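Beneath this line is the structure, given in structure tokens, with notes to follow.
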Amino acid sequence: MEDAKPKSLNFLEEIVQENLASGLYPQGIFTRFPPEPNGYLHIGHAKSICLNFGLAQKFGGKTNLRFDDTNPMTEETEYVESIKKDVSWLGFTWANELYASNYFEQLYEYALELIKKSLAYVDDSTAEEIAAQKGTPTSPGTESPFRNRSVEENVALFQAMRAGKYPDGAKVLRAKIDMAHPNMHMRDPLMYRIRHVAHHRTGNAWCIYPMYDFAHGQSDSMEGITHSICTLEFDVHRPLYDWFIDKLDIFASHQFEFARLNLSHTVMSKRKLLQLVNEKIVHGWDDPRMPTISGLRRRGFTAASIRNFCERIGVAKRDNLIDLSLLEFCIREDLNKSADRVMAVLDPIKLVITNYPDGQVEDLSIENNPEDPASGKRIVPFSKELYIEREDFMVDPPKKFFRLGPGLLVRLKGAFIIQCDHFELNPDGSVKEIHAQYLPNSKSGQDTSGIHVKGTIHWVSIPHAVEAEVRLFDRLLIVEDASELGDDFLKFINPESLQVLDKVYVEPSLREAHVGEAVQFIRKGYYCLDADSTSERLVFNRTVTLKDTWAKEQNK
RNA sequence: UGACCUAUGGUGUAAAGGUAACACACCAGUUUUUGGUUCUGGUUUUCUAGGUUCGAAUCCUAGUAGGUCAACCA
């Protein structure tokens, strides 16, 4: 028998497989997820997390969580905690929790080593002077007047820098490479700068801090990271990454780059997300409209759906713009199988069953999830007066309207078939209430009426209804691609990205719902209970609508 | 007037010189006590020009287009 064709590997998996096959890493591979703790993680980080942890899982390796905390100006413990929470929530377990700041002493020793090899020097130039020395991408740079200090002088100066003898900006340590190198990052890059600032972990122990380029590769090396995976914009850093490792003669970790995730109708850069939070355009990092992990979680996305999304988008090196519809597909696919169905009327209108006895209540038994027989049934009370969705009634319905209208028949989900015989209008011409008669022999499950109706609508019994608030979320931006908007992106915020409905009626079983629990409001979408809920007032977030081919039909 | 990266349907991702396929989206039908779900079918693709080869999405050359790089950020 022919084996099933194995799923094709992405380019990173191919590299790992080849490395392993050639016996390069007999101990197995090691990856790392290296966030800077200066903001909350977003769906783009989820791609990186799934990639790093997924690669190790697939090939029997391990993954470290390493905080790239080399800039004390922007980093905070609050962010460290949120990052740990988000990675765990996504379902991954790191081998070690590490910090670049753990390596400050070793990095300092490495710097001294390079100074002693005449491969690094202390430069007194100002930031402006150094920028001028760099030249431009199309013209070579010029050497700093401090470039040829003696080893002894450099050692003394660097030690004095560490000892706090100089103010911020007075001096830097630079690698001595090549001011005419075609790669700007090789034109004597900065290794250390002076910053008299407390660090969230090392406090005031240091006043000099290593730059990214002098910290990342060596950190990878010290941890024995075999595959250091990062996004495309670091491609031009790779020669420098390799240069430090080579000159220090330490374990050779290797860097590989992939294209970052871009998602339609949203922004992804930390700066812009921070701007949305600071300018109160959204209500915090975990606003359900945000593409952050915490926002998606609050919105009702499951970890499994996000992992699945990351799997489906693939990994390559070309720029991409993933359509939001794929993310929506992933959460619907998951919730369709797992979320219990309940009834909620978002835009209520009163329906009176005129031939149903006053005061009578029937406890109907309705299945929780047709996709999952094991989910059982629940009791839903039925009575003479109900709420139904305003859009499910039309005074003058078109041909293919399978809902309620004068004389039309429709089934109330899990209950009876009804026929509308009367409706009343408000002074403004809107429908005030609807009257209908029910067919007593059409009860769900024991229907002997012989009548088949095309439509089924949801409802809630008025005397049993629970009032709730529902927050409807939609895409953050009205444009697909925000990449060329720059700071103008704020002009393209979707004014309907948040819509609050404060008088929604839900069936009484929802009193037992707990925060974060996902349910399907039949015919309306997937929702989850928000943390803003109290014992007096339930608040639901719409995670995503159901697919709506009727809406498409209407728009034709 | 530089270096580097990239180019496959509407969007993504495969095809390791040998029939261009999978998912999403879209369209049509099927199923359905959710206009959901299911199932079936369909529309649509290798940036351009040369070259190598029996044969090129794949290799070579040159263009073109997009992206990245000139922070004491990461």
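For clarity, every value in this text was computed on a predicted model and none was experimentally measured.
The main-chain N or O of A/I15 is never found under 3.5 Å from a side-chain atom of A/E18 such that the two would form a donor-acceptor pair. Side-chain N or O atoms of A/T266 include none that pairs as donor or acceptor with a backbone N or O of A/L263 at under 3.5 Å.
In this structure, A/A259 and A/R523 both approach RNA chain B, and ranking their closest nucleotides by distance from the 5' end singles out A/A259.
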Inset, instruction - Let me have a per-nucleotide readout for nucleotides 69-74 of chain B, 5' to 3', with B, S or -, counting only protein heavy atoms under 4.0 Å. - result: SB-BSB
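Looking at residues two or more places apart in sequence or on another chain, you find a side-chain contact (heavy atoms from CB on, under 4.5 Å) between A/P37 and A/F67, A/D69, A/E75, A/Y79, A/V80, A/I83, A/H200. With sequence neighbours excluded, no residue satisfies ring pair (Phe, Tyr, Trp, His ring centres under 6.0 Å) with A/H458. With sequence neighbours excluded, the residues satisfying side-chain contact (heavy atoms from CB on, under 4.5 Å) with A/L409 are A/I417, A/Q419, A/V453. Remark: A/A180 pairs with A/P140, A/D178 by the side-chain contact (heavy atoms from CB on, under 4.5 Å) rule, at least two apart or across chains. For A/R542, the salt bridge (Lys or Arg N to Asp or Glu O under 4.0 Å) test picks out no residue, with sequence neighbours left out. Under the ring pair (Phe, Tyr, Trp, His ring centres under 6.0 Å) criterion, A/F214 pairs with A/Y192, A/F244, not counting sequence neighbours.
In summary, the side chains of A/Y121 and A/D188 do present a donor paired with an acceptor at a separation below 3.5 Å, with no hydrogens or angles considered. A/T545 and A/Y526 share no donor-acceptor pair across their side chains, judged by distance under 3.5 Å alone. Side chains of A/D220 and A/Y241: a donor on one and an acceptor on the other come within 3.5 Å.
Crowding of A/R390 atom CZ: a count of heavy atoms from other residues, nucleotides or ligands under 6.0 Å exceeding 12. Residue A/E311 qualifies as open at atom CD: its count of foreign heavy atoms under 6.0 Å is 12 or below.
The same atom, P, is picked in B/rA25 and in B/rU32; the two are 23 Å apart, to the nearest Å. Atom name P, nucleotides B/rG17 and B/rA74: the rounded distance is 42 Å, in whole Å. Taking atom P on both B/rA62 and B/rG2, the two are 14 Å apart, rounded to the nearest angstrom. Comparing the C1' positions of B/rU6 and B/rU58 gives an interatomic distance of 15 Å, to the nearest angstrom. If you take atom P in B/rA56 and the same atom in B/rG51, they sit 12 Å apart, rounded to whole Å.
Between the NZ atom of A/K317 and the P atom of B/rG67 there is a distance of 18 Å, given to the nearest Å. If you take NE2 of A/H265 and C1' of B/rU11, they are 11 Å apart, rounded to a whole angstrom. The nearest whole Å value for the distance from the CD atom in A/E391 to the P atom in B/rU34 is 16 Å. One can place CG of A/L51 at 13 Å from P of B/rU13, the figure rounded to the nearest angstrom. In this entry the distance linking CZ of A/F309 with C1' of B/rU13 reads 13 Å, nearest Å. Distance CG (A/D372) to P (B/rU37): 17 Å, rounded to an integer number of Å. Distance A/N320 CG to B/rG12 C1': 7 Å, rounded to the nearest Å. Atoms NZ (A/K337) and C1' (B/rG36) sit 14 Å apart, rounded to a whole Å.
Screening residues 35-47 of chain A for salt bridge (Lys or Arg N to Asp or Glu O under 4.0 Å), with sequence neighbours left out, gives no hits.
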Can you check nucleotides 38-42 of chain B for protein contacts, nitrogen or oxygen pairs under 3.5 Å, and list what you find?
none

Could you list all N or O pairs between the protein and nucleotides 19-25 of chain B that sit under 3.5 Å apart?
residue, atom, partner, partner atom, Å
B/rA23, O2', A/R312, NH1, 2.7

Nucleotides 62-66 of chain B: which of its N/O atoms have a protein N/O under 3.5 Å away?
none

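Side-chain N/O atoms of A/R411 and base N/O atoms of B/rU33 include a donor-acceptor pair closer than 3.5 Å. In the interface, the side chain of A/S444 is paired with the base of B/rU33 through a donor and an acceptor atom under 3.5 Å apart. Between the base of B/rU8 and the side chain of A/R318 there is a donor-acceptor pair shorter than 3.5 Å.
Remark: A/R32 does not engage A/E223 in a salt bridge, criterion side-chain N to carboxylate O under 4.0 Å. Salt bridge A/R307/A/D334: absent, no basic N to carboxylate O contact under 4.0 Å. In summary, A/D447 and A/R411 engage in a salt bridge, as defined by a charged side-chain N under 4.0 Å from a carboxylate O.
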Inset, instruction - Dot-bracket notation for RNA chain B is requested: 5' to 3', Watson-Crick or G-U wobble pairs only, both distances under 3.5 Å, with ( ), [ ], | and . as defined. - result: .((((((..((((....[..)))).((((.........))))....(((((..]....))))))))))).....
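Using a 4.0 Å heavy-atom distance criterion, A/P370 is classed as a base contact. Base engagement by A/Q520 is indicated by at least one non-hydrogen atom pair under 4.0 Å involving a base atom. The residue A/G445 sits close to a base: some heavy atom pair falls under 4.0 Å. Residue contacts for A/L546: at a heavy-atom cut-off of 4.0 Å it reaches a base atom on one of the strands shown. If you check every strand for non-hydrogen atoms under 4.0 Å, A/F521 touches nothing. When heavy atoms are screened at a 4.0 angstrom cut-off, A/R187 is found touching no nucleic acid atom at all. Looking at heavy-atom distances under 4.0 Å, A/V315 makes contact with sugar-phosphate atoms alone, never a base. Using a 4.0 Å heavy-atom cutoff across all strands shown, A/K454 reaches no nucleic acid atom at all. Residue contacts for A/G525: at a heavy-atom cut-off of 4.0 Å it reaches no nucleic acid atom on any strand shown. If you check every strand for non-hydrogen atoms under 4.0 Å, A/I417 touches nothing.
Under the 30°/60° scheme for interplanar angles, the aromatic rings of A/H199 and A/Y209 are found to lie parallel. Using the six-membered ring where Trp is involved, A/H45 and A/F33 have ring planes that are perpendicular, over 60° apart on the 30 and 60° scheme.
Proximity of A/T549 to the phosphate of B/rG36: a side-chain N or O atom is located under 4.0 Å from OP1 or OP2.
Residue A/D235 has its side chain nearest to B/rC5 when only B/rC5, B/rA14, B/rG35 are considered.
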